[in-house]
Amino acid sequence: MTSRAVVFTFDEDARCLFGFRFALQRLRRFNRHMPVHVYLDGDITPISVLAAADPHLHVHEAKRMRHAMPSIAPPSFLKWHAVAELADQYDEVAYFDTDTFVFDDVDQLFDSAGDTKFAARDFGGYWSNPPHKWGIVFAHEIPGYARKIEDLARLIGVTPMGHFNSGVMIFKQGFQREIARHIPRLVNLLRTFTSGLLPNPLEKGQFWFAEEVCARFFVVMAGLKELSFLEPSVAPYYHEYATREVPGPGLVVHTWSAYFNVAVAEFGTREEIDELMSLSLHPRSTHKSFRWLGFQQHIRNRFALDFRARIARKLLLLN
């Protein structure tokens, strides 16, 4: 029988911890025995309390992984190290960001990926400030982006894979073992990228997404020949669901941080909404821009009114 596991990585930010608990609770509604591994870059005590009540939840400290990366590396690079560490323990591994909501048995997500080594969603875009469209700027809209990617490919000597979002990924057919074998190349790629030896194709302030640029090259270095995209109906982005581009939430919804508060307000309980609002409004919150469910500063676009109406209905029904 095929062994499978789900992995999350995050730091000590209170919203990430909240997001993980939110995701785990819903994952367990549909699959009580799926192994879930958490790599936390910080104090593992809050998650250890959850693990005491869940024999299939495994908690790991990620600080040792952090030491292998440049000090300015975004936390998102930890996900690749975590997948690599689990490479020999499971036949198939799924990675979820903490802003991923589960709506059905995760086993179905593995099955939906089909006969492939690696599957993820096509890339939705980068968070844009000031926002436009969904509050998103797409890669092809960044001035000079395509040329810079071509320059990177020429300098590295690798033709990158198509753009994919690393918030939800499925590793099958032993590809996670290739990831493990080549992880030093990802670290070296990141170092050359962050040191300025290679040109940065992103806008100023978008360094957070360097991981997804590096990933395009890294999966090819690890031997991937073909990228399979998860169907939007299976794993939609929240803005696709909210704007009715897909008929329903599918198996999992990747909300993105920009829409996380909004999605919790739609799918969460009143207690969860209250908790999230208290985190977002906390004076020490690292997400100070997410005021009152994230509307006031960021979601000023043509879908904002629809979002507000959805949340207003949700709050009224919960009162």
Side-chain angles (χ1 to χ4, degrees), residues 6 8 15-16 18-27 29-31 94-113 119-128 131-139 163-170 212 228-270 272-273 276-277 280 287 290 292-295 298-318:
V6 176
F8 293 83
R15 289 179 75 255
C16 291
F18 173 90
F20 170 71
R21 289 192 286 106
F22 193 92
L24 180 66
Q25 182 185 59
R26 282 149 182 82
L27 186 154
R29 288 179 184 175
F30 305 103
N31 192 317
Y95 170 81
F96 292 164
D97 277 351
T98 57
D99 56 354
T100 303
F101 295 3
V102 179
F103 289 92
D104 213 324
D105 190 344
V106 175
D107 272 322
Q108 295 185 42
L109 185 65
F110 284 98
D111 296 339
S112 72
R121 271 304 309 274
D122 56 312
F123 191 74
Y126 296 110
W127 176 239
S128 172
H132 62 101
K133 297 181 180 176
W134 299 306
I136 296 163
V137 59
F138 294 92
H163 226 144
F164 62 90
N165 189 294
S166 63
V168 173
M169 300 184 289
I170 307 295
E212 289 182 327
S228 296
F229 288 122
L230 295 169
E231 292 293 331
S233 59
V234 171
Y237 297 122
Y238 179 74
H239 62 260
E240 291 175 325
Y241 163 77
T243 56
R244 310 298 196 273
E245 293 183 42
V246 293
L251 302 176
V252 298
V253 169
H254 185 196
T255 67
W256 293 11
S257 294
Y259 300 116
F260 179 73
N261 294 8
V262 182
V264 169
E266 177 159 359
F267 299 119
T269 64
R270 181 55 187 265
E272 289 169 328
I273 294 171
L276 182 59
M277 288 180 68
S280 298
H287 294 269
F290 291 91
W292 203 85
L293 300 180
F295 286 127
H298 285 309
I299 306 179
R300 295 173 181 168
N301 53 63
R302 60 196 175 102
F303 300 115
L305 182 60
D306 178 60
F307 281 138
R308 287 191 178 96
R310 282 157 113 21
I311 305 314
R313 289 194 296 270
K314 177 73 173 180
L315 292 173
L316 288 171
L317 288 173
L318 287 172

Quickly, which of Val252, Thr255, Leu251, Val253 forms a side-chain contact (heavy atoms from CB on, under 4.5 Å) with Pro236? Name it, please.
Val253
All heavy atoms of Leu230 vs all of Ser112, minimum pair found to be CD2-OG, 4.1 Å
Compare every heavy atom of Phe103 with every heavy atom of Gly250, then report the nearest pair and how far apart it is.
O-CB, 3.5 Å
State the CD-CD1 distance between Glu266 and Ile273, to the nearest 0.5 angstrom.
10.0 Å
Under 30°, 30 to 60°, or over 60°: which ring-plane class applies to Phe267 and Tyr238, parallel, tilted or perpendicular?
perpendicular
Least distance between heavy atoms, Ile170 atom then Ala94 atom
CD1-CB, 3.6 Å
Asp97 versus Ser166, closest heavy-atom pair with distance:
OD1-O, 4.4 Å
Pro249 to Tyr241 - nearest heavy-atom pair and separation:
N-CD1, 3.8 Å
Are any of the side-chain heavy atoms of Val106 and Phe30 separated by less than 4.5 Å?
no
Do Asp99 and His254 meet the criterion of a side-chain donor-acceptor pair at a distance under 3.5 Å?
yes
Where do Arg121 and Phe229 come nearest, in terms of heavy atoms and distance?
C-CD2, 3.7 Å
Parallel, tilted or perpendicular: which fits the ring planes of Phe22 and Phe260, with parallel below 30° and perpendicular above 60°?
perpendicular
Partners of Ser228 by side-chain hydrogen bond (donor to acceptor under 3.5 Å, both in side chains), sequence neighbours excluded?
Thr116
Could you check if a side-chain atom of His163 sits within less than 4.5 angstrom of a side-chain atom of Asp122, using non-hydrogen atoms only?
no
Any donor-acceptor pair under 3.5 Å linking the side chain of Arg244 with the backbone of Ala242?
yes
Could you list the residues that satisfy side-chain hydrogen bond (donor to acceptor under 3.5 Å, both in side chains) with Asp111, not counting sequence neighbours?
Arg4
Checking Asp104 now: which residues fulfil side-chain hydrogen bond (donor to acceptor under 3.5 Å, both in side chains) with it, not counting sequence neighbours?
Gln108
